[in-house]
Asks: 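Sharing a structure, written as structure tokens. Questions coming.
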Number of protein chains: 2
Amino acid sequence: MQARANLKIVSGGEPCAGPGAGRCANCGARALSVCAQVSDAGLSRMEALSEEVELRPGEILAREGDAAAHVFNITGGAVRVYKLMADGRRQIIGFLFAGDFLGLTSDKDYAFSAEALEPVTACRFNRKGYMGVVEQFPELESALLSRFTSDLSAAQAHMLLLVRKTARERVASFLLDLSARAARRGADADSVHLVMTRGEIADYLGLTLETVSRTLSALKSKGAIRQTDSRTYTILARRQLEAMSGA
Amino acid sequence: MQARANLKIVSGGEPCAGPGAGRCANCGARALSVCAQVSDAGLSRMEALSEEVELRPGEILAREGDAAAHVFNITGGAVRVYKLMADGRRQIIGFLFAGDFLGLTSDKDYAFSAEALEPVTACRFNRKGYMGVVEQFPELESALLSRFTSDLSAAQAHMLLLVRKTARERVASFLLDLSARAARRGADADSVHLVMTRGEIADYLGLTLETVSRTLSALKSKGAIRQTDSRTYTILARRQLEAMSGA
DNA sequence: CGGCATCTTTGATCTGAATCAAGCTTGAGT
DNA sequence: ACTCAAGCTTGATTCAGATCAAAGATGCCG
């Protein structure tokens, strides 16, 4: 099973090679790379819990309130994670790409929903088994803690954005963030491809789709970005964009 | 040293007795109560790392960007946790009361600042030592993971509030949240005492202090709450308040 | 008790982004 | 190549909450 490759422990923390797509042994391994000392026994128990899955756009990986059955290690494609209010108002919590994890929780149920934006490939684990194995390997557990720490601090930074930044600052921050993620995947940092719609960006940034569209147009006419096609932008003046992103 | 009492392991997860103030052995213990099996050796190592501290209003427990030296278990008083933008815009991430933890992170540095609102008593640990001991006791570690999980899901719920809720929904949610915390501490759930200023509430809810004041006045004139003094409100119509809190 | 600083309330006005409203572009399916 | 639906852009208008402004309340300290 190909998925096993995702658990192979690599020596260092070398950057994920390929530009996002397909199987990427390093993506998964990098996330766990602190645990080079994990015994073969532990590793093979992990492998036994894993299963490779593919999801079509629109397919649901997790639904808010449902029992948290799985942990996913995304190996390709893009996922949106969101919460809904009773009356349908939606907040997108974040977007996940290759190398990201989903469903790590010690709660019984998922606290959010997650849906594939594009065709997604992922390595899926039984959550209880996963958490059980993690508990037995301190190195894995501290990797998990540091993942939570960084998720939490990202959530807090995003709160700051949502409450205190203007529409322009939010959109500029968003483009820079996607650019940084592209760079981490080894792709061209100046070419930002939006896999999500304007409406989804809006729901992530706390704006409306019209405001996102207008703001992108404004950044374009200021010469900070150039639009290749309706979903791809090139960053022309990174410095300027950073200045507009508000800290 | 009194602080040791905070680490005493209690049998169940019984609610913290006193209404917030002073030393409360159960508060600390409750947070760690899953680990009834921790050996005496582990417990005494924890105790050796602990130290009781008192802080005056305005004193800083942690500063964003500084080395994360300590973990605090708040035993009395109230703390505000916040982030700043370069130009001074402030976002309050949350308020902490007796029983809450601060500084649990696997990052080198604090990602936020924290300041005492009232006189605060806390049990302070050397963070590295604390994390080290935690790693050796799986029960402690999974308590920590579940704390992170709930912090993260609280942060995500707060994002939803910040982006999608109206001013009235935010203020109603805030009052209900404080009421729930009071109930957990064993205090009267219908009497909500605000230890923070209108400006601090505003910075937490993503509003201005004028809007918070106006909204409280509006809730008062609708008969949902009654004002005892400028910092204390009584919930008169909880059902109504819940309906106004938007999900 | 009195004086001063801090916090709170309320009113008047302004404004950034939402909402309402057309067209326009893109791409998948036939 | 044509059709239709989904997504995007742009314009006009509205509105919730911000900002500006000015009294009251509260409370601390000498």
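Every heavy atom of this structure was used, including side-chain atoms; hydrogens, water molecules and symmetry mates were not. The model shown is predicted, which means the values in this text are computed figures rather than measured ones. Labels below follow one simple rule: chain letters A, B, ... track the order of the sequence lines, proteins then strands, and each chain is numbered from 1.
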Asks: Would you mind reading off the distance between A/K165 atom NZ and C/dG16 atom P, rounded to a whole angstrom?
Replies: 18 Å
Asks: Is atom CZ of B/R231 surrounded by more than 12 heavy atoms (other residues, nucleotides or ligands) closer than 6.0 Å?
Replies: yes
Asks: Within the 4.0 Å heavy-atom criterion, would you say A/R231 contacts the bases, only the backbone, or no part of the nucleic acid?
Replies: sugar-phosphate
Asks: May I ask you to verify if any side-chain N or O of A/S217 is less than 4.0 angstrom from the OP1 or OP2 atom of D/dT10?
Replies: yes
Asks: How many Å lie between NE2 on B/H193 and P on D/dT26, as a whole number?
Replies: 14 Å
Asks: Looking at A/R89, A/R198, A/R90, which hits salt bridge (charged side-chain N to carboxylate O under 4.0 Å, His left out) with A/D203?
Replies: A/R90
Asks: D/dT19 C1' sits how many Å from A/R164 CZ, rounded?
Replies: 14 Å
Asks: Expressed in angstrom and rounded to an integer, what is the separation of A/D229 atom CG from D/dC8 atom C1'?
Replies: 12 Å
Asks: OP1 or OP2 of D/dC8 less than 4.0 angstrom from a side-chain nitrogen or oxygen of A/Q227, does that happen here?
Replies: no
Asks: Please confirm whether A/R181 makes a cation-pi placement over A/F97, using NZ or CZ under 6.0 Å from the six-membered ring centre and within 45° of the ring normal.
Replies: no
Asks: Measure from the side-chain heavy atoms of A/T208 and tell me the nearest of C/dT9, D/dC8, C/dT19.
Replies: C/dT19
Asks: With respect to the phosphate group of C/dT8, does any side-chain polar atom (N or O) of B/R198 fall under 4.0 Å of OP1 or OP2?
Replies: yes
Asks: Quick one: A/R170 CZ to C/dA17 P, roughly how many Å, whole number?
Replies: 7 Å
Asks: Would you say the side chain of B/T215 lies within less than 4.5 Å of the side chain of B/L207, judging by non-hydrogen atoms?
Replies: no
Asks: Crowded around B/K220 NZ? As in, over 12 foreign heavy atoms under 6.0 Å?
Replies: yes
Asks: Which listed nucleotide (D/dC20, C/dT9, C/dA17) is nearest to the side chain of A/T211?
Replies: C/dA17
Asks: Identify whether any heavy atom of A/L209 sits under 4.0 Å from a base atom; if not, whether one sits that close to sugar-phosphate; answer base, sugar-phosphate or nothing.
Replies: base
Asks: Any side-chain N or O of A/R168 less than 4.0 Å from the OP1 or OP2 oxygen of C/dA17?
Replies: no
Asks: Write down the distance between CG (A/L194) and C1' (D/dA6), rounded to a whole number of angstrom.
Replies: 17 Å
Asks: Looking only at the side chain of B/R214 (C-beta and beyond, no hydrogens), which of the listed nucleotides C/dT19, C/dG11, C/dC7 gets closest?
Replies: C/dG11
Asks: Taking CD from B/E210 and P from C/dC7, how many angstroms apart are they, rounded to a whole number?
Replies: 14 Å
Asks: Would you indicate which nucleotide in C/dT10, D/dA18, C/dA18 comes nearest to any side-chain atom of B/S213?
Replies: C/dT10
Asks: Taking only the side-chain heavy atoms of B/S230 (C-beta and beyond), determine which of D/dT26, D/dT9, D/dG17 contains the nearest atom.
Replies: D/dT26
Asks: Separation of B/R89 atom CZ from D/dT19 atom P, in whole Å?
Replies: 10 Å
